Amino acid sequence: MDLEATRQGPAGRLRTATARAALVASALALTGCDGIQSALDPAGGDALRIYRLALVMTAGGCLIFLLVTGLLLYAIFAAPERRAWLGSRRTVVIGGLAFPIVVLSGLLPYGLIVMRDTDMPRPGALPVEVIGEQYWWRVTYPADQERAAFATANELVVPVGRPVTVSVTAADVIHSFWIPNFGGKIDMIPGRVNRLTFTAERPGIYRGVCAEFCGDQHARMAFDVVALEPDAFADWRDGQAKPAREPDLPDLARGRELFRAGGCGSCHEVRGTEADGAFGPDLTHVGSRRTIGAGQFPNNVGTLAGWIANTQHIKPGVRMPSYGAFTGEDLRALAGYLESLK
Ligand code: CUA
């Protein structure tokens, strides 16, 4: 029990409780600011510029709001002879005309400078193509001197310290590409290519989302962003450019046969095998991804098996039908094969 509050009686207790609640609320609000999907925890220069602009606007807006509220209360409650100056010509000219002109003339160039410096084309940027589909992300890394082009899905792996230029478009409806920790969002429009350049400045795992309503499963259209040190990124890219590994266990070989016999290859590509479908995500190295279902579940044999058997139950409206006819044993073999594609 708070002695001070007890001494103060009910009003004091109420004040103490209110202060505590405010403290807890602000602590909670602050802990919510950092994280893998937060515009308030910038992990790159562009995001930092936008974050600062937001801080200046929010703080400035709050100050002006408090000032105006204070003046309003003063105008209502102060004695007439004390508040008379509020109605003078001088107050109106300074407060109503000069002040907004000065503030807005400062904010406009600041905003324009942030816009100019953010998302600039940068030499030596790594090009990546991302296509928004209902409800997943097709990601393509073009060929470079050492490696062939390859596709992956629902995962954007980037090197730390090197700018990345993402060219985005959409296959069906308008989506929007947004990685809150790295900066602004950009629309993905069918038939048009938009570009966004950002630089990851610290390694880590982040989360990107679709920021434009695109259908039933819009809210379940996310992707992982993995920022790796340059060496680790080069290793990852080498691995992804290779064809799929051969099954080295009988159960995995059975899984691959089920994949073939089940017709999975008519929608999915597994480079190095006869599966060459282009409709769904490329599965050549699906086992190396962190999540499945566009950021919905951790990637393991259990979730893969559940996904194959129940897509329409888990994410109704996706293009992949549920494959409920597989036996449990077949599902395990099939999922085990996919999981082995590292
Ligand atoms: Cu795609 Cu919302």
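Values in this document were obtained by computation on a predicted structure and should not be read as measured data. As the structure lists them, so they are numbered: ligands from 1, and atoms in each ligand from 1.
- Using cut-offs of 30° and 60° on the angle between ring planes, the pair W137 and F177 is perpendicular.
- For a distance bound of 2.8 Å, the N, O or S atoms of C214 include one lying that close to atom 2 (Cu) of ligand 1.
- With contacts defined as side-chain heavy-atom distances shorter than 4.5 Å, the pair M221/C214 qualifies.
- Draw a line from atom 1 (Cu) of ligand 1 to SD of M221 and another to SG of C210, and the angle between them is 110° (to 10°).
- Looking only at side-chain heavy atoms (C-beta outward), T284 and F150 stay at 4.5 Å or farther from each other.
- Atom 2 (Cu) of ligand 1 lies closest to atom O when only the N/O/S atoms of E212 are considered.
- Counting just the N/O/S atoms of H175, the one with the shortest distance to atom 1 (Cu) of ligand 1 is named ND1.
- Ring geometry, W236 versus Y141: the interplanar angle exceeds 60°, so the pair is classed perpendicular (tilted spans 30 to 60°).
- Distances from atom 2 (Cu) of ligand 1 to the N/O/S atoms of H218 are shortest for ND1.
- Between the side chain of Q312 and the backbone N or O of V318, at least one donor-acceptor pair lies under 3.5 Å.
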